Amino acid sequence: MKFNLLATDKKSNARAGEIFTDHGTIQTPIFMPVGTVGSVKAVHLKELKDDIKAQIILGNTYHLYLRPGLEVLKQANGLHKFNGWDKPILTDSGGYQVYSLAGTRKLKEEGVIFQSHIDGSRHTFSPEKVMEIQRTIGADIIMAFDECTPYPCEYDYAKKSMELTHRWLKRCITHFDNTEPEYGYNQTLFPIVQGSVYRDLRIQSAEEIASKNADGNAIGGLSVGEPIEMMYELTELVCSILPKEKPRYLMGVGTPVNILECIALGIDMFDCVMPTRNGRNGMLFTSEGIINIKNEKWKNDFSNVDEYGNSFVDSQYSKAYLRHLFQAQEILGPMIASIHNLNFYLWLVGEARKQIMDGNFSEWKNVIVKKLSVRL
RNA sequence: GGGGAGAUACCAGAGCGGUCAAAUGGGACAGACUGUAAAUCUGUUGGCGCAGCCUUCGGAGGUUCGAAUCCUCCUCUCCCCA
């Protein structure tokens with residue numbers, strides 16, 4: 001994997017670049033739709049490629065390991081072949097599930113014992129095991145196994161957790177370096193900065209991660225409930241330490257505004273369930289602001305889903321019709337909303353990229369951020 | 001024409017003397033959602049000067065300290081037989 005930095009904004013730390021993988025090029029800054037179980041929920045590959053123009057999607061180690069399981073993935077010759085997505089894929093390591101499934105897992109030095117959310121069966125994830133699973137899934141970019149700490153988090157716990165994540169990272173790197181990709185194309189490993197909301201820990205972690213000289217670096221453990229200003233401050237701090245010549249991936253972020261603000265801080269890659277999950281729940285991110293399409297106010301509004309949106313669903317369907325679909329619990333409703341939201345997210349980062357290349361990013365960002373926060 | 005059952009909040013439907021402003025569903029309305037245990041979850045759904053008060057259970061009257069619950073009449077619905 002290779003990263004080219006093409007332009008940097010003069011008034012902020014925003015950058016435009018390109019990432020080369022064996023499954024194609026990714027133009028940054030980029031948003032990566034989340035496809036946890038190998039499917040971006042409610043969205044066809046055709047729409048993802050031709051309409052939304054996604055360049056890379058996510059999969060999840062924990063979920064894919066449980067179902068369909070490694071045997072099927074191996075027989076399929078990896079996730080790309082299995083789900084038909086021939087562009088880049090990134091897999092999360094299951095580190096987020098250490099956080100989100102806190103009630104059903106045990107954390108030890110060796111690794112984490114998960115109780116499956118599907119059938120309750122117990123499974124151990126060690127850094128080595130997670131590397132092996134991600135070799136079998138065959139994503140282009142794979143993530144180190146970390147502990148995503150919750151918020152709030154006591155300093156002592158955050159410190160110990162960060163140190164554990166660092167020790168796990170060493171084991172991940174060793175195992176990754178001692179194994180080969182299974183399907184003939186390259187994979188690369190991104191380490192993850194932790195340290196909760198403590199500046200000294202974040203500095204320490206960012207330095208540790210930077211020292212690994214990986215192809216790209218991720219920031220984890222943010223957007224887990226901390227105040228948004230705190231998230232920005234810590235992102236800025238960590239970006240100041242992570243190498244400029246490598247892509248920076250802010251995990252799990254966020255709203256359209258969060259993404260623009262963090263692009264300004266120097267982030268190149270984002271992923272978030274928000275456009276799909278919130279979309280399925282009736283929330284639309286549009287160029288004019290945020291819409292809850294289930295609200296009564298749209299009942300008789302026959303204007304386009306998004307007057308200024310460039311997705312085919314934006315002009316194909318009206319707000320009133322989309323609201324009707326949600327009211328009637330028709331599956332097409334969540335599908336349209338997901339396509340719209342993902343299209344909007346990809347348009348947003350694409351536009352940000354253009355503005356960075358043209359040297360107008362900061363001015364443009366300040367104008368659009370105000371519009372995007374409005375609730376219609 | 002004869003016999004029977006029933007009318008409860010937006011709808012369906014419990015309740016059958018006080019713990020009832022009234023269970024439970026559904027619908028409606030609103031909110032939440034940030035590396036997906038999520039096509040999920042939460043709240044509200046008579047009125048108000050809202051830790052209290054006022055007006056409600058087809059209508060009118062009655063019994064009782066107290067009625068959605070018991071009695072009388074009226075109105076209307078449904079079912080069965082002819």
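Note that the structure is predicted; figures quoted are calculated from it, not measured. Here is the naming used below: chain letters follow the sequence lines, and residue numbers restart at 1 for every chain.
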Base, sugar-phosphate alone, or nothing: which one does A:Ser116 contact when heavy atoms must sit under 4.0 Å apart?
nothing

Whole angstrom value for the distance that separates P of B:A28 from NE2 of A:His324
11 Å

Just call it for A:Leu58: base, sugar-phosphate, or nothing, with non-hydrogen atoms closer than 4.0 Å on any strand.
sugar-phosphate

Under 4.0 angstrom, heavy atoms only, what part of the nucleic acid is A:Asn258 near: base, sugar-phosphate, or nothing?
base

Short side-chain N/O contact from A:Gln97 to OP1 or OP2 of B:U36, under 4.0 Å
yes

Between C1' on B:U34 and OH on A:Tyr96, what's the gap in Å once rounded to a whole number?
7 Å

Residue A:Asp271, side-chain heavy atoms: nucleotide from B:G35, B:C33, B:C29 that is nearest:
B:G35

Mind checking if A:Gly221 touches a base, just sugar-phosphate, or nothing, with heavy atoms under 4.0 Å?
base

Decide if atom CD of A:Glu109 counts as having more than 12 heavy atoms of other residues, nucleotides or ligands within a radius under 6.0 Å.
yes

Heavy-atom contacts, protein to nucleotides 38-45 of chain B, under 4.0 Å, summarised as B (base), S (sugar-phosphate only) or - (none) per nt, yield BBB-----

Name all residues meeting the ring-ring contact (aromatic ring centres under 6.0 Å, His included) criterion together with A:Phe125; count only those two or more places apart in sequence or in a different chain, and write none if there are none.
A:Tyr65, A:Phe114

Is A:Asp146 touching bases, backbone alone, or none of the nucleic acid, heavy atoms closer than 4.0 Å?
base

Are OP1 or OP2 of B:U36 and a side-chain N or O of A:Thr36 less than 4.0 angstrom apart?
yes

From the list B:U34, B:U36, B:C29, which nucleotide is the closest neighbour of the side chain of A:Gln327?
B:C29

Side chains of A:Gln194 and A:Thr149: closer than 4.5 Å at any heavy-atom pair?
yes

Are OP1 or OP2 of B:A37 and a side-chain N or O of A:Gln115 less than 4.0 angstrom apart?
no

Looking at A:Ser100, I'd like to know whether one of its side-chain N or O atoms comes within less than 4.0 Å of OP1 or OP2 on B:A37.
yes

Closest to the A:Val273 side chain, choosing from B:A37, B:C29, B:U34
B:U34

Rounded distance (Å) that lies between atom P of B:G35 and atom CG of A:Leu222:
12 Å

Tell me the interatomic distance from A:Leu64, atom CG, to B:G35, atom C1', rounded to whole angstroms.
14 Å

Just checking A:Arg375: base, sugar-phosphate only, or nothing, at a heavy-atom cut-off of under 4.0 Å?
sugar-phosphate

Please determine if a side-chain N or O atom of A:Asn278 lies less than 4.0 Å away from the OP1 or OP2 oxygen of B:U36.
no

From the list A:Lys87, A:His23, A:Gln187, side chain to side chain donor-acceptor pair (under 3.5 Å) partner of A:Asp140 resolves to A:His23

Using 30° and 60° as the class boundaries, would you call the ring planes of A:Tyr317 and A:Tyr321 parallel, tilted or perpendicular?
parallel

Need one value for A:Leu332: base, sugar-phosphate or nothing, where a base atom within 4.0 Å counts as base even if backbone is also close, heavy atoms only.
nothing

Tell me, please, whether A:Phe176 has A:Arg135 positioned over its six-membered ring: NZ or CZ under 6.0 Å from the ring centre and within 45 degrees of its axis?
yes

